[in-house]
Protein chains: 2
Amino acid sequence: MSSSLRIGELAERAGCLVETIRYYERLGLMPAPGRSLGNYRLYGDTHVDRLLFIRRCRSLGMSLAETKQLLDLHDAPDRICRDIDRLIDDHIVRVNDRLAELQALQLQLKRLRSQCHRVRTVKECGILKSLKDEGNTGRRQARRRAAPA
Amino acid sequence: MSSSLRIGELAERAGCLVETIRYYERLGLMPAPGRSLGNYRLYGDTHVDRLLFIRRCRSLGMSLAETKQLLDLHDAPDRICRDIDRLIDDHIVRVNDRLAELQALQLQLKRLRSQCHRVRTVKECGILKSLKDEGNTGRRQARRRAAPA
DNA sequence: TGACACCCTATAGCTACTGTAGGGTCAAGA
DNA sequence: TCTTGACCCTACAGTAGCTATAGGGTGTCA
């Protein structure tokens with residue numbers, strides 16, 4: 001029953017590329033499987049489960065680092081699950097933030113788009129004008145040493 | 001009036017890092033400026049405008065490739081501006097798509113989070129259970145040659 | 001003269017893969 | 001038996017958009 005899959009079959013089950021699985025193995029997310037006589041990787045059911053778990057985390061937008069944390073928690077089943085809650089909560093916050101950013105962005109783009117008043121040439125294009133003038137950019141970064149006191 | 005800024009001052013005006021400006025220059029988004037006797041880059045007003053334009057496009061989520069297209073259109077002021085409209089429209093569509101994806105994701109995460117019923121150990125954690133069982137992943141990719149007919 | 005902020009080039013690192021080169025394995029068909 | 005073709009292997013380069021580091025040079029002030 002503990003099937004013996006080759007990497008291509010595993011990839012198909014998980015809906016990912018063969019290269020992705022080898023990549024996860026290099027990163028230590030997937031354990032190195034046994035090998036056939038011809039040096040082919042051979043996977044069992046636990047590998048299938050683990051890969052599906054990883055892919056599901058990824059499809060929920062988690063990073064590989066977060067996914068690794070969840071896997072580690074999963075491998076220590078007697079720990080309290082508050083850590084898992086926290087990880088998911090943090091992720092929800094990040095997704096919310098990104099969502100708000102994108103919504104603001106969408107609004108700005110629509111405003112920008114409305115600047116085009118059917119003129120004919122680029123020279124008179126309201127969109128380009130807006131892109132040039134508006135806001136003058138966020139001024140977030142600018143890494144230079146602090147001015148001496 | 002056509003100021004002569006060093007790269008650090010330009011970076012500060014645009015709210016980006018010095019390295020980012022040099023990176024844009026390597027990519028051809030920023031033209032190579034003149035140099036001082038000591039080989040320092042010296043920028044004028046046109047460079048300031050161009051960098052602000054780029055940063056504004058980036059802050060609107062456009063790729064550098066899209067930004068380059070807009071810059072090229074900008075440099076050919078007699079072309080019809082329909083191309084600009086189209087570029088912005090395409091971008092709006094992509095932002096909308098991403099927004100919808102994120103909203104679906106947020107819903108899934110909240111459902112996932114609600115699986116935790118205040119149990120104590122990871123072993124019994126409903127979140128991990130959901131991550132293992134649910135949906136069995138999208139099965140999108142899986143690149144293998146088509147089965148022979 | 002020294003200290004320090006700033007600049008230079010070249011190169012490596014980040015995330016999460018994806019793609020390629022150059023080979024080996026394995027099963028089926030001629 | 002030989003060949004074909006799908007599949008596998010390792011190692012490495014490439015993607016986007018920066019960011020960081022090493023190892024140097026420049027410019028200004030005390």
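The figures here come from the full heavy-atom set of this structure, side chains too, leaving out hydrogens, waters and symmetry mates. Note on naming: letters A, B, ... go to the chains in the order of the sequence lines (proteins, then strands), and numbering restarts at 1 for each one.
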Please give, in whole Å, the distance from [N] [atom2] to [X] [atom1]?
| X | N | atom1 | atom2 | result |
| --- | --- | --- | --- | --- |
| L27(A) | dC17(C) | CG | P | 9 Å |
| E25(B) | dA10(C) | CD | C1' | 14 Å |
| L29(B) | dC18(D) | CG | C1' | 13 Å |
| I54(A) | dA16(C) | CD1 | P | 12 Å |
| Y23(A) | dT10(D) | OH | C1' | 17 Å |
| L17(A) | dC8(D) | CG | C1' | 15 Å |
| E19(A) | dT15(C) | CD | C1' | 17 Å |
| E9(A) | dA27(C) | CD | C1' | 14 Å |

Problem set entry | Counterpart residues, ring-ring contact (aromatic ring centres under 6.0 Å, His included), relative to H91(A) (two or more places apart) | none
Exercise. Got a second to check how far I92(A)'s CD1 is from D97(A)'s CG, nearest 0.5 Å?
Worked result: 12.0 Å
Problem set entry | Spatial distance of atom CD1 (I84(A)) from atom CG (D89(A)) [nearest 0.5 Å] | 12.0 Å
Respond yes when some side-chain nitrogen or oxygen of [X] is under 4.0 Å from OP1 or OP2 of [N], and no when none is.
| X | N | result |
| --- | --- | --- |
| Y24(B) | dG17(D) | no |
| T20(A) | dT18(C) | yes |
| R55(A) | dC17(C) | yes |

Exercise. Which part of the nucleic acid, if any, lies within contact of R22(B), taking any heavy atom under 4.0 Å across all strands shown: a base, the sugar-phosphate backbone alone, or nothing?
Worked result: base
For this session: Have a look at I7(A) and say if it touches a base, only the backbone sugar-phosphate, or nothing, with a 4.0 Å heavy-atom cut-off.
Result: sugar-phosphate
Non-hydrogen atoms of [X] and [Y] that approach each other most closely:
| X | Y | answer |
| --- | --- | --- |
| R35(A) | L42(A) | C-CD1, 4.1 Å |
| E9(B) | S4(B) | OE1-O, 4.4 Å |
| I21(B) | C16(B) | CG1-SG, 3.8 Å |
| V95(A) | L109(B) | CG2-CD1, 3.7 Å |

Give me the distances for all protein-to-nucleotides 23-26 of chain C N/O pairs that come in under 3.5 Å?
{"residue": "dG24(C)", "atom": "N2", "partner": "Y40(A)", "partner atom": "OH", "Å": "2.8"}
{"residue": "dT25(C)", "atom": "O4'", "partner": "Y40(A)", "partner atom": "OH", "Å": "3.3"}
{"residue": "dT25(C)", "atom": "O2", "partner": "Y40(A)", "partner atom": "OH", "Å": "3.1"}
{"residue": "dC26(C)", "atom": "OP1", "partner": "G38(A)", "partner atom": "N", "Å": "3.3"}

Exercise. Name the one of E12(B), E19(B), R22(B) that satisfies side chain to side chain contact (heavy atoms under 4.5 Å, CB included) with I7(B)?
Worked result: R22(B)
Problem set entry | Short N-O contact, R98(B) and E101(B), less than 4.0 angstrom | yes
For this session: Determine, stepwise, if the pair Y24(B) / R55(B) fulfils side-chain hydrogen bond (donor to acceptor under 3.5 Å, both in side chains).
Result: CA-CA 11 Å; Y24(B) 290 163; R55(B) 295 305 291 173; 2.7 Å; yes
Problem set entry | Test side chain to side chain donor-acceptor pair (under 3.5 Å) applied to Q106(A) - qualifying residues, sequence neighbours left out | N96(B)
For this session: Tell me which residues in residues 65-75 of chain A put a heavy atom below 4.0 Å from DNA chain C, sorted by number, or none.
Result: none
For a quick test of your reading: what N or O donor-acceptor pairs under 3.5 Å do the side chains of residues 61-71 of chain B make, sequence neighbours left out?
{"residue": "S63(B)", "atom": "OG", "partner": "A65(B)", "partner atom": "N", "Å": "3.3"}
{"residue": "S63(B)", "atom": "OG", "partner": "E66(B)", "partner atom": "N", "Å": "3.0"}
{"residue": "E66(B)", "atom": "OE1", "partner": "S63(B)", "partner atom": "N", "Å": "2.9"}
{"residue": "E66(B)", "atom": "OE1", "partner": "R94(B)", "partner atom": "NH2", "Å": "3.4"}
{"residue": "E66(B)", "atom": "OE2", "partner": "R94(B)", "partner atom": "NH2", "Å": "2.2"}
{"residue": "T67(B)", "atom": "OG1", "partner": "S63(B)", "partner atom": "O", "Å": "2.7"}
{"residue": "K68(B)", "atom": "NZ", "partner": "D72(B)", "partner atom": "OD1", "Å": "3.4"}

Problem set entry | End axis versus end axis in the helix from dT1(C)-dA30(D) to dA30(C)-dT1(D), the angle rounded to 10°, five pairs used at each terminus | 30°
